[in-house]
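Per chain, numbering begins at 1; letters A, B, ... match sequence-line order.
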Protein chains: 2
Amino acid sequence: MTKPTEDPLALERQVCFALVVAARSVLSIYRPLLEPMGLTHPQYLVMLALWADAPLSVGEIGTMLQLDSPTLSPLLKRLESAGFIIRRRSDVDERQVIVELTPQGRDLREQALRIPPAVVARLGMSIPDLEALRESLTQVIAASRRADASEPTS
Amino acid sequence: MTKPTEDPLALERQVCFALVVAARSVLSIYRPLLEPMGLTHPQYLVMLALWADAPLSVGEIGTMLQLDSPTLSPLLKRLESAGFIIRRRSDVDERQVIVELTPQGRDLREQALRIPPAVVARLGMSIPDLEALRESLTQVIAASRRADASEPTS
DNA sequence: CATTTTTAAGTAGCATACAATTAAATCGTA
DNA sequence: TACGATTTAATTGTATGCTACTTAAAAATG
């Protein structure tokens, strides 16, 4: 029974504040689980994309993860020096860089299978609650994308 | 009617992926609105905390925003050189640094009042939907904090 | 009262994100 | 076919976040 504030700038009313803190909080649960695998969370997301559908171009990974080349390029370099992926220029279109899994990168999937259940266990939230949250977040993502699309280009 | 995948590592099933992308997407809506004020989103959050309850120590801001001193220190320096805040050592406890608003920082609140409605407008989501989302996120934050608290300390 | 422990900020180093720019390859079209 | 426009990555520079460590001050303890 918290008294509702009328202040529109109250921290506890800001959806984006809740969003940012929730993301950071959940990431802090992933971190110790991913660390033994030698992956950060963004790197883990790239690996998820590759396990689902390798090989992928940098651009395709960017579309799937909503990340740009300035973020992906150094990240992919680190994944390559870790031995999980290989990057090569496409023969068909030399502008594109194709990202492929190494056997080592493929093998990592085995360990990754333990991550989602471990996260759910540590969170202690019900699967339906998490499902509902994911649906809700997907709506926000769609809404944001619409907003971006209609933004006036200078 | 998307066919549900049985793959537990499918990107579209990862709550944390949705969380991270949603946060980034909504931030991209704030960015052009905050830029004319000369604020980034984390800086905006610090200002919200100060508008609500200045003066605050660095530690108090960290508690409210769930941020540590390594993040806050440089951020506060930038807010200070922008002329929005002043930092001074506490007289009572010289370990603490007290953050105070400048008149300029106080005045900025006027412009900030336009931010929340502008974000809601651009998102195009209903207030009840946003409220429900915020509630849901607050649950996740609480769950994460419990998980962190119970984490075995090495 | 002296020493140890704890606490509050800050610094150093690393890994994202993002805006702006660059470089190279491809495409479209005259 | 030549050439300007577009596309794909990468690079540069700035601002978070986080881990590990440092410094200084306050608190606790013998």
- [ ] Among Ile, Leu, Val, Met, Phe, Trp and Tyr joined by side-chain contacts under 4.5 Å, find the other residues sharing a cluster with B/Val20 and list them by chain and number.
- [x] A/Leu27

TODO: Whole angstrom is fine here: how far is it from NE2 in B/His41 over to C1' in C/dA17?
DONE: 15 Å

Open item on the list: Donor-acceptor pair, distance only, cut-off 3.5 Å: does the side chain of B/Glu35 make one with the backbone of B/Pro32?
Closed with: no

- [ ] Sorted by first residue and then second, give each side chain to side chain donor-acceptor pair (under 3.5 Å) pair with at least one member in residues 92-103 of chain B; sequence neighbours left out.
- [x] B/Asp93-B/Arg95

Open item on the list: Closest approach to the side chain of B/Gln96, judged atom by atom: which nucleotide of C/dA12, C/dA8, C/dC18 is it?
Closed with: C/dA8

TODO: Find which nucleotide of DNA chain D each of A/Ser69 and A/Ser25 is nearest to by heavy atoms, and output the residue with the more 5' nucleotide.
DONE: A/Ser69

Task: Most 5' of A/Thr71 and B/Val97 on DNA chain C, judged by nearest nucleotide - done: B/Val97

- [ ] Using a 4.5 Å cut-off on heavy atoms from C-beta on, say whether the side chain of B/Val119 contacts that of A/Val15.
- [x] no

Task: A/Gln14 side chain vs A/Leu11 backbone, donor-acceptor pair below 3.5 Å - done: no

TODO: Could you work out the complete set of other residues in the hydrophobic cluster of B/Ile98, with links drawn between I, L, V, M, F, W and Y side chains under 4.5 Å apart?
DONE: none

Open item on the list: I want to check something: taking the side chain as every heavy atom from C-beta on, are B/Leu56 and B/Met64 in contact at a cut-off of under 4.5 Å?
Closed with: yes

Task: Side-chain ion pair, A/Asp129 and A/Arg134, N-O less than 4.0 Å - done: no

Task: Contacting residues from residues 73-82 of chain B, given that a heavy atom lies under 4.0 angstrom of DNA chain C - done: B/Ser73, B/Lys77

Task: Heavy-atom contact window of chain A on DNA chain D, given 5' to 3' at under 4.0 Å - done: D/dT7 to D/dT19

TODO: Provide, to the nearest angstrom, the distance between the CD atom belonging to A/Gln43 and the C1' atom belonging to C/dT16.
DONE: 10 Å

TODO: Return yes if some donor-acceptor pair links the side-chain N/O of A/Glu80 with the main-chain N/O of A/Arg87 below 3.5 Å, else return no.
DONE: yes

TODO: Residues of residues 85-95 of chain A with any non-hydrogen atom less than 4.0 angstrom from an atom of DNA chain C: list those, numerically ordered, please.
DONE: A/Val92, A/Asp93, A/Glu94, A/Arg95

Task: Least distance between heavy atoms, A/Pro74 atom then A/Ser69 atom - done: CD-O, 4.1 Å

Open item on the list: Between A/Trp51 (side chain only) and A/Val46 (backbone N and O only), is there a donor and an acceptor less than 3.5 Å apart?
Closed with: no

